[in-house]
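So the structure is just underneath, and the comments pick up after that.
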Amino acid sequence: MSGKEYRTITDVKGPLVFLEKTEPVAYNEIVQLRLSDGTMKNGQVLDTSDDKVIVQVFEGTESVDRQTGVKFLGDVFRLPVSKGLIGRILDGAGKPRDGGPEIVAEDMADIIGAAINPYSRESPEQFIQTGISAIDACTSLVRGQKLPIFSASGLPHNDIALQIARQARLVGSDDDFVVVFCAMGITAEEYNFFVQDLERTGALENAALFVNLADDPAVERLITPRLALTAAEYLAFEHDYHVLVIYTDMTNYCESLRQIGAAREEVPGRRGYPGYMYTDLAMMYERAGMVKGKKGSITQFPILTMPGDDITHPIPDLSGYITEGQIVISRELHQKGIYPPINVLPSLSRLMNAGIGEGKTREDHKSVSDQLYAAYAGGRELRGLVAIVGEDALNERDLQLLKFADIFEDQFLRQSRDEDRSIDEGTLDLAWNLLTNIDTKYLVRLDQKWIDKYHPTEKNS
Amino acid sequence: MSEESGLIYRISGPVVTAVGISPRMYEVVRVGDEGLMGEVIELHGDQSVIQVYEETSGIKPGEPVVRTGQTLSVKLGPGLLTQIYDGIQRPLEALEETMGVFITRGVDADGLDLTKKWEFNATASAGDEVSGGSVIGFVQETETVEHKIMIPPGHSGKIASIESGEFDITTSVCTLEDGTEIAMMQEWPVRTPRPFKQKNAPDVPLITGQRILDFLFPLAKGGTAGIPGPFGAGKTVTQQQLARWSDAQIVVYIGCGERGNEMTEVLTEFPHLTDPNTGKPLMNRTTMIANTSNMPVAAREASVYTGITIAEYFRDMGYDVALMADSTSRWAEAMREISSRLEEMPGEEGYPAYLSSRLAEFYERAGRVQTLGGDDGSVSVIGAVSPPGGDISEPVSQGTLRIVKVFWGLDAGLARQRHFPAINWLSSYSLYPQALDQWYRDNIASDFPEVRTKISSLLQVEAELQEIVQLVGSDALPMDQQLTLEVARMIREFFLQQNAFHDVDTFSQLGLQYEMAKAILAFQEESEKAMAGGAGLEDVVNVPARTDLMRGRFEEGYAERIGELLGEMSKQIAETMEDN
């Protein structure tokens, strides 16, 4: 039916255009709008019936009038995918932004993507060493995981994401990651920071960037991450790449989703976000993973800024229910001058147990990690108590834990932006050294056999 | 235009409106040129509103909608076990064969293999009077499970002929005198509870091997439990532990709107885990339903019904079935999403006004029953709830708590301290102990209920003392109260904490749980004695044998050694008195 252009717009509301009296139009079909001055805009069908069609316009509805021509293109949104995406910078709608030629498509992939059959998934269990002790020891990342960074405005989440992108590798393997970077509504300054860093380390040649900046159309943000993930899927499952997808900032994405919901006058869920936001987010996060019979993998690092540092806000909350853990950035640690300011207590990696231990990291990893948590959590809790009763009221065990919490933050968490610690000597041995500050009788999370083998002063030599 | 088929009028996400047909409510229809499966959920003038179980992108108004005359049903018969299904009972393995690793649409797959031959062993014989639910034979479906073949509800009469041998599941194995042919497979509509003779009071515990659950907050066979908790508090791990170690004969695990990788984990792990009760792979007794968060939302709504219908079917054979639904919040959200597309007037937080009645109907399908065949069977339902922000004042948690008898409250604070399972012992409850106490006295120890009471009151006292400690520090308390704190700490660290990922600690026999609890009380008693005799708190707490007793739980054969370890601890505590 291409060719037929309708001029039957009845209503325009926010980013939505309503038309009547069209031929049958498919749900999710893509749409081209031609404005009276010749400008072209793109959109997608959100609701279709015999009498009425609702179109969401990616570039916003500015200058759209009743005379605007609307053409239905008879297909759903597709991205031209090819190995040539690597090293390219595209805009939020998938058009070249780097002045280079159009992508020569090896295939046209539907950007909504299909769900991976749970039966066909491969259990992710290959440990990725990030070189950051807090992550490697306490929230270990594995290939095929989706692990968001829960941050807030003013915190160095971008530095951490970049450090991970730079340092991430499988222990004992040369396979490199290809980075797919997706910007949603971030500022030009933040974007430049990413690009310069990727350029400086040479990673840009190994990356595909999809960029929607703060001054780009807000509705376009709804498709940008889908483009990025479609590219990632193609590279991972057709060309065997291990892909690391970093997308920032999910909060902007959710704002756009809310905007569309409001324009459609939908019944809102919590705080005005649409009730289907969980499903919508899941359709992106769940595109991480590994599948049977394919070599490649998709590991996701979504970054989101928690409005008002509130982890119970719907955006981090719904994300946390879908992703396989989270890395929480703490303002308190940041203000103490500790980089990376990762608060390991609310942080979590759900796939950690599958990826650590003998033959993967080291046999004592789980024990050590549990003990670090317990001791640090104990120490942090005591800080509150000491503020009231003073250190004199503490017993021996409590005093040791209190001291340990400071040491842990200062020596274990703190590392420089280019410090790449190995999991065994760099991270786990360091942990054992720090644990000598606590009497072994208080180290109840450690199996005796690991104390005998690894404890710097108590081991059987 | 015939009544049997009509046309699509409108498409909005998973909801499609059709005109030109007049189907029944909840009838299954085929939508569009690709014949996508859908279910009628509202009739509105000449329009029929349909929820479609597959992705609707690219479907246009004007495409056909065809009636099937059937309501959404599951196929029940040999072949259910070890399977993993999507929300509408399509085997995921079969979907992989036809579509590859990504789930596309428009593919039909039978819930059971209709061509596979099973060895049917008749136990009834010609001339027997049978009625719905009567067992007429069995198939050895897996090493551990005898799949009983029953007369479908609604049929009765005298058996004219019955034959053992190898048959596929649609071939008749038994003929009644009125000519009714009975095959091994039967179908049942998922939204209708399967019938039974009567409900009985649950009085046998479902033993899970998880100390805090079995000992403090037990669930009865045929009971209902809710596990609400914020993300990361361990709902899924707890559900999986229950699926692994519960002493049910059949486990139905519904992954409703959850993570794909979690289902994969269960799939890859269960065949390698041994059932402590039979010594055979756990997979042999398990059926899984996986409708992950990114699979179509309408099928997620159906998955819970598919699961419970399969559970009821095994109950009718006289088995104890445990059903885990992870997570009922995703199910509720699926209802909300569909409801909002229908533009229904919302109740609280956008959920439909019928949310709580749907929850109640679901949990009410649990229970211990006398089956139509006269056996004793049960379905225990354990539903995870994912309250936004961990705040259980929201509608799904509240709707659940009004119905379930056991509340296992997960606590983010405990999870942060890596106290697992992170079940809060102060806020959780179980209404079953009274009904179960006699069983404990008869089967474990005559003073079991008293030991439990002592342990839980120690935890209560600790909570009160902790409030004082927060103000003045523990050193300001009198010695006996400091000892109480130490004993309570021992309960928490040695007894309540349990490592799901440790080969040995992951499962504790009920008898051992009792011994461990007794050991804690013995420590308290003997320390009191020793301290009265002049020993210091530090002395008794630091006896090496206590550490050995506590660490011993991580080693094989702990149940045999605990008596000896306890003896050594008592000896050393007594010695602290002599040193002073």
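No experiment lies behind these values; they were computed from the predicted model shown. Below, read A as the first sequence line, B as the second, and so on, with proteins coming before strands; counting in each chain starts at 1.
- Between A:H313 and A:F150, the gap from one ring centroid to the other reaches at least 6.0 Å.
- For chain A, the nearby part of B:T292 is the side chain; its heavy atoms alone come within less than 4.5 Å.
- At most 12 non-hydrogen atoms from other residues, nucleotides or ligands lie less than 6.0 angstrom from NZ of A:K295.
- Proximity to chain B is limited to the side chain of A:R350, based on heavy atoms less than 4.5 angstrom apart.
- Only the side chain of A:I388 comes within contact range of chain B, with at least one heavy atom under 4.5 Å from a heavy atom of that chain.
- Top candidate by heavy-atom pairs under 4.5 Å with chain B, chosen from A:A374, A:G289, A:P346, is A:P346.
- In this structure, the portion of A:F237 lying under 4.5 Å from any heavy atom of chain B is its side chain and not its backbone.
- A salt bridge links A:R121 with A:E286; the closest basic N to acidic carboxylate O contact falls under 4.0 Å.
- Remark: the A:Y285 side chain and the A:S319 side chain contain an N/O donor-acceptor pair separated by less than 3.5 Å.
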Evaluate salt bridge (Lys or Arg N to Asp or Glu O under 4.0 Å) for B:R330 paired with B:E258, printing each intermediate quantity in order. CA-CA 8 Å; B:R330 305 302 162 225; B:E258 290 287 306; 3.5 Å; yes

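- Using modelled atom types and a 3.5 Å distance limit, the side chains of B:S386 and B:S327 yield a donor-acceptor pair.
- When heavy atoms are compared at a cutoff of 4.5 Å, B:E96 approaches chain A by way of both its backbone and its side chain.
- Both the backbone and the side chain of A:A114 come within less than 4.5 Å of a heavy atom of chain B.
- Among the candidates A:Y376, A:Y321, A:Y373, the residue making the largest number of heavy-atom pairs closer than 4.5 Å to chain B is A:Y321.
- Looking at B:S57 and B:E55, their side chains do bring a donor and an acceptor atom within 3.5 Å of each other.
- Side chain of A:D280 to backbone of A:Y276: no donor-acceptor contact under 3.5 angstrom is found.
- Enclosure of atom CD in A:E20 by more than 12 non-hydrogen atoms of other residues, nucleotides or ligands within 6.0 angstrom is indicated.
- Of the residues considered (B:I103, B:D391, B:N499), B:I103 shows the highest number of contacts with chain A, using heavy-atom pairs under 4.5 Å.
- Looking only at heavy-atom pairs under 4.5 Å with chain A, the residue among B:P544, B:G260, B:G255 that has the most is B:G260.
- Neither the backbone nor the side chain of A:L372 comes within contact range of chain B; no heavy atom of the residue lies under 4.5 Å from a heavy atom of that chain.
- Neither the backbone nor the side chain of A:K52 comes within less than 4.5 Å of any heavy atom of chain B.
- A donor atom on one side chain and an acceptor atom on the other are found under 3.5 Å apart for A:T279 and B:R300.
- Using a 4.5 Å cut-off between heavy atoms, A:R397 touches chain B through its side chain atoms alone.
- In this structure, the portions of A:V444 lying under 4.5 Å from any heavy atom of chain B include both its backbone and its side chain.
- Residue contact with chain B, scored on non-hydrogen atoms closer than 4.5 Å, is absent for A:L281.
- Of the atoms belonging to A:D310, not a single heavy atom falls under 4.5 Å from chain B.
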